[in-house]
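Encoded as C-alpha cells, the structure appears first; notes follow it.
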Amino acid sequence: SQTIHQWPATLVQPVGSPLSLECTVEGTSNPNLYWYRQAAGRGLQLLFYSVGIGQISSEVPQNLSASRPQDRQFILSSKKLLLSDSGFYLCAWSVGTSSREQYFGPGTRLTVT
Amino acid sequence: QQQVKQSPQSLIVQKGGISIINCAYENTAFDYFPWYQQFPGKGPALLIAIRPDVSEKKEGRFTISFNKSAKQFSLHIMDSQPGDSATYFCAASMWVGGGNKLTFGTGTQLKVEL
C-alpha cells in the first residue's frame with residue numbers, strides 16, 4: 001500500500017531563516033506530487049505541483065520554491081522566511097495522470113517568529 | 001473564476017441527525033468534486049467524490065448531491081455520530097498541464113452532540 005511521509009512534523013523558525021520541508025511517497029511510481037498551505041481556519045491553497053522529476057509548476061507567486069530531485073521526493077524550500085509563511089504545509093500525491101484522487105500526508109506545522 | 005464557496009462555516013447537529021454542507025462553484029471547467037474530512041492537526045482524508053455526469057453518489061452514510069445546472073453540490077451525512085465531528089472541505093478540480101489542480105472551499109466545522 002502507498003504511504004506518504006512528511007517531516008518535520010512541527011517547526012519553529014525565525015524570520016529570515018531558510019526552510020526545507022520534505023515529502024516522500026512509498027509504494028507507487030511516478031506519482032503526481034503537490035504542496036498545499038493551510039492558514040489557520042482556512043481552506044487549502046495549492047502552492048506547487050509536479051508531474052515528474054525536475055518538473056515543477058508554481059501556482060502562487062511567493063517566497064517559496066519547490067524541487068523534485070527523485071521520483072518520490074518533493075521538497076519545499078525558502079531562502080528567507082517571512083512571518084506570513086507560517087501555516088500548515090501539506091504534501092499530497094496522486095497516481096500519475098490516470099487518477100483524480102489526491103491523498104494527503106500528515107502535514108508540517110510551521111511557525112515563523 | 002477559480003473560487004469554491006462553502007457554507008455553513010460551522011454546524012452543530014444532534015447525534016442521529018442529518019448534516020448538510022453546501023458548496024457552489026463558478027468555473028464550468030471543473031470536472032471532479034471531492035470532499036475531504038480533516039481532524040485537528042491531521043492531513044485531510046478523501047471521503048467521497050463525484051463527477052458532473054452523475055447527480056448523486058452514496059457511500060455508506062455519506063452522500064453527494066450534484067446539480068450541474070446550478071453549479072452546486074452538497075454533502076449529506078446521515079445518522080451523524082460524535083466521531084464525525086471534524087472539519088469538512090469541498091473541492092473542485094480540473095486537469096492542467098498533467099496535474100490535477102484542486103481548489104478548496106473554506107471548510108465547515110461540524111460538531112455532533114450527544
Side-chain angles (χ1 to χ4, degrees), chain A residues 2-7 9-10 21 23 25 30-60 66 68 74 87-111, chain B residues 2-10 21-25 27 29-54 57 59 64 66 86-110:
Chain A
Q2 298 85 4
T3 308
I4 181 169
H5 303 279
Q6 286 187 245
W7 63 88
T10 60
L21 303 181
C23 169
V25 180
N30 196 30
N32 282 0
L33 296 172
Y34 306 82
W35 277 113
Y36 290 84
R37 177 170 57 202
Q38 184 175 28
R42 303 286 297 277
L44 287 77
Q45 181 184 38
L46 179 63
L47 302 176
F48 302 94
Y49 68 95
S50 171
V51 300
I53 296 175
Q55 301 179 61
I56 308 295
S57 297
S58 174
E59 288 299 298
V60 181
R68 184 170 176 174
F74 205 19
F88 193 41
Y89 287 84
L90 291 150
C91 181
W93 71 275
S94 64
V95 179
T97 57
S98 63
S99 174
R100 304 303 293 270
E101 289 83 10
Q102 279 188 31
Y103 301 97
F104 285 82
T108 294
R109 175 74 61 190
L110 172 65
T111 304
Chain B
Q2 297 289 322
Q3 198 173 21
V4 176
K5 297 181 179 179
Q6 183 172 346
S7 63
Q9 185 175 354
S10 62
I21 304 170
N22 300 297
C23 284
Y25 64 98
N27 191 337
F30 290 135
D31 62 354
Y32 173 77
F33 301 87
W35 284 88
Y36 284 84
Q37 178 190 58
Q38 186 178 31
F39 293 102
K42 305 296 184 182
L46 179 63
L47 198 58
I48 187 173
I50 197 168
R51 295 183 183 269
D53 55 345
V54 177
K57 184 175 182 180
E59 290 184 1
I64 300 178
F66 189 86
T87 300
Y88 292 81
F89 293 95
C90 64
S93 81
M94 66 176 80
W95 278 115
V96 176
N100 181 27
K101 293 178 54 177
L102 284 173
T103 301
F104 281 83
T106 51
T108 296
Q109 284 193 327
L110 171 64

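None of the values given here were measured: they were computed from a predicted structure. Throughout, a chain's letter reflects where its sequence line sits, starting with A, and its residues are numbered from 1.
- Heavy atoms of Pro44(B) lying under 4.5 Å from chain A belong to its backbone as well as its side chain.
- Neither the backbone nor the side chain of Gln6(B) has a heavy atom closer than 4.5 Å to any heavy atom of chain A.
- With a 4.5 angstrom heavy-atom cutoff, Leu44(A) touches chain B via backbone and side-chain atoms both.
- Looking at heavy atoms from C-beta onward, Phe88(A) lies in side-chain contact with Gln38(B) at the 4.5 angstrom threshold.
- With values rounded to the nearest 0.5 angstrom, Arg100(A) atom CZ is found 12.5 Å from Leu46(B) atom CG.
- In Glu59(B), the CD atom is crowded: over 12 heavy atoms of neighbouring residues, nucleotides or ligands sit closer than 6.0 Å.
- Across Val96(B) and Tyr49(A), no two heavy atoms sit closer than the pair O-OH, 2.8 Å.
- At a threshold of 4.5 Å between non-hydrogen side-chain atoms, the residues Gln38(A) and Phe89(B) count as touching.
- Contacts between Leu102(B) and chain A at a heavy-atom distance below 4.5 Å involve backbone atoms as well as side-chain atoms.
- Nearest heavy atom pair, residue Gln102(A) against residue Tyr36(B), reads O-OH, 2.7 Å.
- For the pair Glu101(A)/Asn100(B), no side-chain contact is recorded, criterion being any heavy-atom separation below 4.5 Å from C-beta on.
- Side-chain contact between Phe104(B) and Leu46(A) is absent, with no heavy-atom pair separated by less than 4.5 Å.
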